[in-house]
Every structure is written in structure tokens, then in C-alpha cells.
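This report refers to the structure that appears directly beneath it.
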Amino acid sequence: MRNTIFLTTLLLSSNAVAEFSTTEATAPFGEQQVVTLEETNTFNLSGSAIKVGDYMPSAHLMTSDLKPFDTSAEDDQVKIYSVLTSVDTPVCVQQAIDLSKHIASRKADLKGIAFYAISADTPFAQQRFIKQHEMNDIVYLSDSSKHQFGLKTGSHIEELGLLTRSIIVTDKNNKIVYTQRVPELTTIPDLERAISVAQENL
């Protein structure tokens, strides 16, 4: 909770009513990589870096309605994982709303694609967020317990215990076909590009 308050305070200090921009910039995951906030605060990533061509590692998460979820489980669906730093920050609110709007506007074109949002928030915080913003098309997954997702993908922010903002696409066999890890936390990953890649793998 303290880490989330710290991050939220930093973001709200100068971006209370900001519209955050989408970026095409990307950077690797994992140890020896950093992510910035407001370009002046630098945080270290930890964990094993994933890359295109890898298979999604097995991370045991909890859905917002308290059901177990394994990221390596096969279900013959293309998957888009929208990785959020915290649902209590305005950038993540925008990222979540933007993705929800994309889905709502083109449902017929997105059959066979499963959408997930992952954060280190508790399932209960995610439940509140879903209800507040009516996020019905995306399954929310919590990495709050053992940070397995963050550590197995290299998206764990060491100093905050949160996840670095990114997007990951896997094909029907759970092979990673696209990633974007934004270098600056106040920017939004290119959701349109991720959806296009997912459609190419249907």
C-alpha cells in the first residue's frame, strides 16, 4: 500500500488532469533494465526477461473474483496481457479505459482473442476498480501475492513491488509474439498495434 501511495503521489503531483500519450517506444524486460517516472525518477527491474519467441512462463495468479489462473495454461486462444503498474494511478486508469473502448468498438473482429489486465494490486482493489469503471470485457489478474508474474517475466519493479507498464501478446500455443515495455511509466503502450498482432495470429 505504501508503494502505491508513493507512486500515486508522484503521478498526481503534476499530471492530475493530464491526458497521457501513447508511445511506440519499447525496452527490454528483466534485470539490469530500468524504468523512469516523470523522466527524473529511475527504478530497477528484476526477474527473468521474456522476449518474442519465448513461451509464456507459468505464473500462478488470482482473478479479481478469486479464481486461480495459470499463465501457461493452454486454451486455444490468442491472449493480450495489458500490464498495469497500479489501478490507483491515473495512467493505468487511462490504459484500462482505452483498451476497454478498443474492445467495445470492434467486438466482432476480436473473436478468439482473450484480454487480460495484470497488476500487483489485490483482487479486492481490482474488484473496486472494475465496478467503478465498468470493465466487463477484460479479465483482471492479481500478482499481489508472490509476484510470480513480475519475476518470471522481468516486469517486476524492485523498489515499488509493482509491475512495469507493458503489453504482451501470445499465440494459441502460448508463444510470445509481441511485447512492448514502455521505458517511461507516464506513457501508454500502443494498444492498437498489439491488437493487430493478435489478429494476425488468429
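- Atom-to-atom distance recorded for S105:OG and K101:NZ is 10.0 Å, nearest 0.5 angstrom.
- Using a distance-only test at 3.5 Å, with no hydrogens or angles considered, no donor-acceptor pair links the side chain of T36 to the main chain of N41.
- Here the CZ-OG distance, from F129 to S64, works out to 11.0 Å after rounding to the nearest 0.5 Å.
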Distance-only donor-acceptor pairs under 3.5 Å for side chains of residues 134-142, two or more places apart:
from : atom 1 : to   : atom 2 : distance (Å)
S142 : OG     : D121 : O      : 2.6
S142 : OG     : S144 : N      : 3.3
S142 : OG     : S144 : OG     : 2.9

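- Contact check for Q127 versus K131: no side-chain heavy atoms found under the 4.5 Å cut-off.
- Applying the side-chain contact (heavy atoms from CB on, under 4.5 Å) rule to I195 yields the partners I80, L99, H102, R106, L110, F115, Q199; only residues at least two apart in sequence or on another chain are considered.
- Between I50 and P57 the shortest side-chain heavy-atom distance falls below 4.5 Å.
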Full working for side-chain contact (heavy atoms from CB on, under 4.5 Å) between M62 and S145: CA-CA 9 Å; M62 189 72 68; S145 178; over 6 Å; no
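- With hydrogens and angles left out, the side-chain atoms of E38 and T186 include no donor and acceptor closer than 3.5 Å.
- Side chains of V169 and I176 form no contact here, defined as non-hydrogen atoms less than 4.5 Å apart.
- Contact of the F20 side chain with the D98 side chain is not registered, since no non-hydrogen atoms from C-beta on lie closer than 4.5 Å.
- Of all heavy-atom pairs spanning N174 and A73, the tightest one is ND2-O, 3.0 Å.
- Between the side chains of S155 and T153, at least one donor N or O lies within less than 3.5 Å of an accepting N or O.
- Pairs of residues two or more places apart, or lying in two chains, that qualify as ring-ring contact (aromatic ring centres under 6.0 Å, His included) and include a residue from residues 59-78 are F69-Y116.
- Salt-bridge annotation for D143 and K152: absent, with no side-chain N of the basic residue lying under 4.0 Å from a carboxylate O of the acidic one.
- For residues 178-191, no residue pair satisfies the salt bridge (charged side-chain N to carboxylate O under 4.0 Å, His left out) rule, not counting sequence neighbours.
- The two atoms that bring V182 and I188 nearest to each other are CG1-C, 4.2 Å, heavy atoms only.
- Using a 4.5 Å cut-off between side-chain heavy atoms of Ile, Leu, Val, Met, Phe, Trp and Tyr, with links allowed through other members, Y178 and L202 fall into the same hydrophobic cluster.
- A side-chain donor-acceptor contact under 3.5 Å links N201 to the backbone of V197.
- T85 contributes a side-chain N or O that, together with a main-chain N or O of L163, makes up a donor-acceptor pair within less than 3.5 Å.
- Annotation for S46 and L151: closest pair OG-CD2, 3.9 Å, computed over non-hydrogen atoms.
- Summarising the geometry, atom CD belonging to E159 is positioned 9.0 Å from atom OG1 belonging to T42; distances are rounded to the nearest 0.5 Å.
- Counting only residues at least two apart or in different chains, salt bridge (charged side-chain N to carboxylate O under 4.0 Å, His left out) contacts with residues 59-86 comprise D75-K79.
- Rounded to the nearest 0.5 angstrom, N44 CG and E31 CD are separated by 10.0 Å.
- Side-chain contact of R193 with Q180: a donor-acceptor pair under 3.5 Å is absent, judged by distance alone.
- A search for salt bridge (charged side-chain N to carboxylate O under 4.0 Å, His left out) contacts involving D54 returns K51, not counting sequence neighbours.
- Contact check for L45 versus E158: no side-chain heavy atoms found under the 4.5 Å cut-off.
- Considering every non-hydrogen atom in both L84 and A117, the closest pair reads CD1-CB, 4.2 Å.
- By the rule that hydrophobic residues join a cluster once side-chain heavy atoms approach within less than 4.5 Å of another member, I130 and I97 end up as members of one cluster.
- Although no hydrogens or angles enter the test, the distance criterion places no donor-acceptor pair under 3.5 Å between the side chain of T164 and the main chain of H156.
- In terms of heavy atoms, Q77 sits closest to A114 at OE1-CB, 3.5 Å.
- The minimum heavy-atom distance between I167 and P189, with the atom names listed, is CG2-CB, 4.1 Å.
- Two residues are said to be in side-chain contact when any heavy atoms from C-beta on lie closer than 4.5 Å; T187 and T22 fail this criterion.
- When hydrophobic clusters are built by joining Ile, Leu, Val, Met, Phe, Trp and Tyr residues whose side-chain heavy atoms come closer than 4.5 Å, directly or via intermediates, L185 is not grouped with V93.
- The NZ atom of K172 sits 12.0 Å away from the OG1 atom of T170 when rounded to the nearest 0.5 Å.
- No donor-acceptor pair closer than 3.5 Å links the side chain of N173 to the backbone N or O of K175.
- Residues S166 and F29 form a side-chain contact, since some pair of their non-hydrogen atoms from C-beta on lies under 4.5 Å apart.
- Not a single donor-acceptor pair under 3.5 Å links the side chain of S100 to the backbone N or O of A96.
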